[in-house]
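This one's a predicted model, so the numbers in the text were calculated from it and none came from an experiment. All residue numbers refer to positions in the sequence shown, counting from 1.
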Amino acid sequence: MTRSEYNEVVNEHAGRLYGYVLKYLRVEADSNDIVQDVFEKLWKNRKKIEAVKAKSWMFTTAHNTLINFAKKKGRTVYNSETLPERGVESHSFEAKEIVEKVLELLPPIQKSIVLLRDLEGYNYQEIGDMLSLSDSQVKVYLYRARKKMQKQLKDLTIFQ
């Protein structure tokens, strides 16, 4: 990949990459750091990566970096401690906040797939390429994630 191809790839995909990372972490400073790290890794590996495959490579790298970052910071939570208890001020949450809380409960791979599909609008094949999964694996993970989210949302008593 040439310098100009690198610049084109970064300019074309920077916004969506940042949006994905920010939705995953919800912390601007950490999101900026991770996106910059991805761009640095892309530059260092530019001779090995074709420009047409750079998008997939960047999202895969971002996903792996997010997983490592979450493990390092201990931010990944898989239990219901982050959700409001039934009947205790749960009506004060905005719908968006509730969905974000439920999204936090998903395993990292499912969370990434939901963000890439539902918020970023990528198709199954693109997500599979980014995360090194088959189309059917993406569909299964997405189905399971949506079912988990649906169950968590049903368990909340929003209107009391």
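- At least one side-chain heavy atom of E40 sits less than 4.5 Å from a side-chain heavy atom of K44.
- Between atom CD of residue E12 and atom CE of residue M58 there is a gap of 8.5 Å, rounded to the nearest 0.5 Å.
- Contact between M1 and Y6 at its shortest, heavy atoms only, is SD-CA, 3.5 Å.
- V102 and Q152 make their closest contact through CG1-CB, 3.7 Å (heavy atoms, listed as atom of the first residue, atom of the second, distance).
- One finds a salt bridge joining E126 and K55 here, because a Lys/Arg side-chain nitrogen approaches an Asp/Glu carboxylate oxygen to under 4.0 Å.
- Looking only at side-chain heavy atoms (C-beta outward), N45 and W57 come within less than 4.5 Å of each other.
- For the atom pair CZ of R144 and CD1 of I113, the computed distance is 10.5 Å after rounding to the nearest 0.5 Å.
- When all heavy atoms are compared, the tightest approach of V21 to A62 is CG2-CB, 4.2 Å.
- Side-chain atoms of D33 and F69, non-hydrogen and from C-beta on, never get closer than 4.5 Å to each other.
- The shortest side-chain heavy-atom distance between L142 and I127 does not fall under the 4.5 Å cut-off.
- In this structure, Q36 and Y18 have side chains that are not in contact, with every pair of non-hydrogen atoms separated by 4.5 Å or more.
- In this structure, the separation between CG on L105 and NZ on K148 is 10.0 Å, given to the nearest 0.5 Å.
- The distance from atom CG of D118 to atom CZ of R146, rounded to the nearest 0.5 Å, is 4.0 Å.
- Annotation: side chain of I34 is in contact with side chain of L66 (closest heavy-atom distance under 4.5 Å).
- With respect to D37 and K41, a salt bridge is recorded, a charged nitrogen being found less than 4.0 Å from a carboxylate O.
- Residue D129 comes nearest to S56 through the heavy atom pair O-OG, 3.0 Å, listed as atom of the first residue, atom of the second, then distance.
- V140 and V138 sit in two unconnected hydrophobic clusters of ILVMFWY residues. Membership requires side-chain heavy atoms under 4.5 Å apart, directly or through other members.
- With values rounded to the nearest 0.5 angstrom, K111 atom NZ is found 5.5 Å from L103 atom CG.
- I67 and Y24 get closest at one heavy-atom pair: CD1-OH, 3.5 Å.
- The line from CG of L116 to OH of Y124 is 13.0 Å long, rounded to the nearest 0.5 Å.
- Using bins of under 30°, 30° to 60° and over 60° for the plane-to-plane angle, the ring pair F59/Y20 lands in the tilted bin.
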Inset, instruction - Any chance you could lay out the side-chain contact (heavy atoms from CB on, under 4.5 Å) test for Q110 and Y143, step after step, and finish with the verdict? - result: CA-CA 9 Å; Q110 290 179 356; Y143 174 80; over 6 Å; no
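- The closest donor-acceptor contact from the side chain of S112 to the backbone of H63 lies at 3.5 Å or more, if one exists at all.
- When the shell of 6.0 Å around CZ of R46 is examined, it contains more than 12 heavy atoms from other residues, nucleotides or ligands.
- Here the side chains of I49 and V9 are not in contact, with every heavy-atom distance at 4.5 Å or above.
- With a 4.5 Å cut-off on side-chain heavy atoms, L131 and Y141 do not count as touching.
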